[in-house]
Q: 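Okay, here's the structure, questions in a sec.
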Protein chains: 2
Amino acid sequence: MAVGTQVAVESDAGTGRRERKKTATRAAIRDAAMRLALRDGVERVTLEQIAAEADIALRTFFNYFSSKEEAVVAGAAGDFRAFVAGFRDRPGSESVLRALHEAALVVLDQAMADDRDHLAALVVIRGERSLVPQLLAALAAQETVLAEAIADRVGPGQDEGYPRLCAAAALAALRVTLDRWLESAGAGAVPSLDGLRGELERTLGALAAGLDRPSRPE
Amino acid sequence: MAVGTQVAVESDAGTGRRERKKTATRAAIRDAAMRLALRDGVERVTLEQIAAEADIALRTFFNYFSSKEEAVVAGAAGDFRAFVAGFRDRPGSESVLRALHEAALVVLDQAMADDRDHLAALVVIRGERSLVPQLLAALAAQETVLAEAIADRVGPGQDEGYPRLCAAAALAALRVTLDRWLESAGAGAVPSLDGLRGELERTLGALAAGLDRPSRPE
DNA sequence: GTGCATAGATGCATGATGTGCACGAATGAG
DNA sequence: CTCATTCGTGCACATCATGCATCTATGCAC
């Protein structure tokens with residue numbers, strides 16, 4: 001490898017060649033899984049194919065992921081982690097939901113700037129029922145982390161249950177918003193990012209304003 | 001069978017012996033899976049054991065569930081469905097969140113009155129990481145149904161995204177509340193149902209009042 | 001009741017998944 | 001260079017999951 005080979009996406013724990021190789025292998029597997037799943041459908045791809053595509057032994061696959069689904073979802077899961085990490089970095093002047101909103105926008109921008117196709121993962125997942133559980137599990141894992149971050153942000157001595165409730169509701173809101181956006185994509189190509197931004201604004205606004213509604217009088 | 005043999009929990013589609021046998025078999029498998037999972041741990045139970053316990057052929061298992069996890073989670077999934085169905089039955093005089101709250105209380109009461117151990121499922125699931133995805137998937141499935149029910153309740157022409165957002169946030173809130181309650185159970189026995197009721201009240205109240213909070217000034 | 005059409009249960013064969021174990025090669029530390 | 005550790009790999013094995021063919025029970029029409 002020459003000097004400035006390729007990019008340095010993801011969290012390349014730059015310490016030592018070993019670590020670098022590991023993250024590279026992990027990325028290779030993830031991308032291979034995604035590529036094949038996109039081409040043939042998740043169900044019709046075998047681990048053997050993925051291993052071959054990533055140029056590793058079948059047995060090695062399990063050193064990185066415990067199932068095919070986990071590998072395919074890994075990309076999206078990484079974005080979730082980035083989102084939560086981004087939330088932590090928001091200035092304390094922003095309220096909780098404001099910070100969540102801004103963090104979401106930052107992740108969106110990063111995803112667009114990145115070469116990897118972040119949309120592909122979501123599109124595949126939406127189309128394949130078997131991936132939903134894994135995606136939700138990845139989301140739930142971040143929910144715990146996010147709850148801690150929220151607890152740190154609002155400080156102690158507050159409403160005991162607020163952090164987890166807020167984390168769960170916020171992630172649910174983001175999930176629904178993203179889902180509706182992808183749905184509206186459906187036929188056409190990428191439907192304006194601005195539409196997504198607007199939806200985000202409205203959704204989180206609704207969370208802030210309160211979710212109750214009267215029933216239809218009739 | 002004599003006159004009043006046993007109970008009639010679940011949704012015994014009472015039409016014909018065939019349907020009755022099917023639901024009975026399904027329940028037998030579900031209960032067998034739960035019993036064995038509770039005794040030995042989900043991972044250490046094989047489908048063969050479950051099939052033997054439920055007195056069916058291994059192959060037959062797959063006529064009812066597509067995986068061991070699905071069978072174990074089936075009980076909880078049924079409660080979710082009951083909850084959403086109960087929501088539909090709430091009078092139109094109640095606001096959306098009010099109706100959700102009442103429906104939750106009704107399901108709780110039913111679960112307590114029932115002979116089947118509804119808590120067991122949740123306890124097992126909490127303890128076994130591999131079940132989380134399946135549970136979340138079951139919840140997500142009901143999220144769609146709930147969103148439709150909410151849409152019907154508030155009537156058309158409203159905020160386009162409200163039903164799904166509300167459904168997702170409400171189910172997330174219920175999940176978190178239940179989880180916190182089970183967590184607090186931990187050591188001791190069943191920690192007062194009234195505690196759970198109170199938590200529910202506060203959680204849904206928070207959803208109604210709005211979730212934003214200022215960050216810690218410091 | 002008789003006979004038919006269909007749904008469900010079962011067995012068999014087979015591919016795919018996932019894990020424990022052991023060995024060898026690459027890596028990093030001294 | 002030497003050693004300890006980590007990681008990749010092959011092998012064996014149990015389990016999971018599905019498609020196909022077959023057999024049986026059920027429901028229905030008459």
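Everything numeric in this text was worked out from a predicted model, so none of it was measured. Per chain, numbering begins at 1; letters A, B, ... match sequence-line order.
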Q: Using the side chain to side chain donor-acceptor pair (under 3.5 Å) criterion, which residues pair with B:R18? Sequence neighbours excluded.
A: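 Not a single residue meets the side chain to side chain donor-acceptor pair (under 3.5 Å) criterion with B:R18.
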
Q: Determine, stepwise, if the pair A:R44 / A:E128 fulfils salt bridge (charged side-chain N to carboxylate O under 4.0 Å, His left out).
A: CA-CA 11 Å; A:R44 302 182 49 185; A:E128 305 258 7; over 6 Å; no

Q: If we fit an axis to the first five pairs and another to the last five of the helix from C:dG1-D:dC30 to C:dG30-D:dC1, what angle do they make, to the nearest 10°?
A: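 Comparing the first five pairs with the last five, the axes sit 40° apart.
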
Q: Are B:R164 and A:E183 ion-paired here, with the side-chain N under 4.0 Å from a carboxylate O?
A: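 So B:R164 pairs with A:E183 through a salt bridge.
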
Q: Judged by modelled atom types alone, do B:S130 and B:E43 share a side-chain donor-acceptor pair under 3.5 Å?
A: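 Present: a donor and an acceptor within the cut-off.
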
Q: Which residues pass the side chain to side chain contact (heavy atoms under 4.5 Å, CB included) test with B:A170, not counting sequence neighbours?
A: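 With sequence neighbours excluded, B:A170 shows a side chain to side chain contact (heavy atoms under 4.5 Å, CB included) to B:L100, given in chain and number order.
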
Q: Ion pair present between A:D31 and A:R116, side-chain N to carboxylate O less than 4.0 angstrom?
A: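 Salt bridge absent between A:D31 and A:R116.
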
Q: When the side chains of residues 131-138 of chain B are checked against the rest of the protein, which donor-acceptor pairs come out under 3.5 Å, sequence neighbours left out?
A:
none

Q: Is there a residue in residues 125-138 of chain B whose heavy atoms reach under 4.0 Å of DNA chain D, and which residues are they?
A: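 Per residue number, the list is empty: none.
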
Q: Would you name the heavy atoms of B:A32 and B:E53 that are closest together and state the gap between them?
A: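 So the two residues come closest at CB-CG, 3.4 Å.
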
Q: Partners of B:D109 by side chain to side chain contact (heavy atoms under 4.5 Å, CB included), sequence neighbours excluded?
A: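 If we apply the side chain to side chain contact (heavy atoms under 4.5 Å, CB included) test to B:D109, skipping adjacent residues, the hits are B:R197.
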
Q: Please list, in numerical order, the residues of residues 60-67 of chain A that have a heavy atom closer than 4.0 Å to any atom of DNA chain D.
A: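 The stretch gives A:T60, A:N63, A:Y64 as the residues lying under 4.0 Å from the strand, ordered by number.
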
Q: Once salt bridge (charged side-chain N to carboxylate O under 4.0 Å, His left out) is applied, do any residues pair with A:E102, and if so which ones, sequence neighbours excluded?
A: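 So A:E102 forms a salt bridge (charged side-chain N to carboxylate O under 4.0 Å, His left out) with A:R98.
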
Q: Do the numbers put B:R30 on top of the ring of B:Y64, so that NZ or CZ is under 6.0 Å from the six-membered ring centre and no more than 45° off the axis?
A: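 Cation-pi check for B:R30 and B:Y64: fails.
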
Q: Assess the residue pair A:D152 and B:R216 against the criterion (salt bridge (charged side-chain N to carboxylate O under 4.0 Å, His left out)); give the C-alpha distance rounded to whole Å, side-chain angles, the decisive distance to 0.1 Å, and a yes or no.
A: CA-CA 9 Å; A:D152 289 346; B:R216 176 168 46 180; 5.9 Å; no

Q: On DNA chain C, reading 5' to 3', which nucleotide is the first and which the last to sit with an atom under 4.0 Å from a heavy atom of chain A, could you check?
A: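 Going 5' to 3' along DNA chain C, contacts run C:dA16 to C:dG28.
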
Q: Generate the contact string for nucleotides 20-25 of chain D. Rules: B means base contact, S means sugar-phosphate contact only, - means no protein heavy atom under 4.0 Å.
A: B----B

Q: Rounded to the nearest 0.5 Å, what separates atom CZ in B:F87 from atom NE2 in B:H101?
A: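 Between B:F87 CZ and B:H101 NE2, I get 13.5 Å after rounding to 0.5 Å.
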
Q: Any residue in residues 41-56 of chain B with a heavy atom nearer than 4.0 angstrom to DNA chain D? Just list them by number, or reply none.
A: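 Residues of residues 41-56 of chain B that come under 4.0 Å of DNA chain D are, in numerical order, B:V45, B:T46, B:L47.
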
Q: Please determine whether the number of non-hydrogen atoms from other residues, nucleotides or ligands lying under 6.0 Å from atom CG of B:D40 exceeds 12.
A: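 Check passes, neighbour count above 12.
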
Q: Could you tell me if the side chain of B:R153 sits less than 4.5 Å from the side chain of B:E94, heavy atoms only?
A: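 Touching, per the 4.5 Å side-chain cut-off.
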
Q: Tell me every residue that passes side chain to side chain contact (heavy atoms under 4.5 Å, CB included) with B:V123, counting only those two or more places apart in sequence or in another chain.
A: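 B:V123 satisfies side chain to side chain contact (heavy atoms under 4.5 Å, CB included) with no other residue.
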
Q: Looking at A:D55, I'd like to know if its CG atom is crowded, meaning that more than 12 non-hydrogen atoms belonging to other residues, nucleotides or ligands lie closer than 6.0 Å.
A: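 No, the 6.0 Å shell around CG holds no more than 12 heavy atoms from other groups.
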
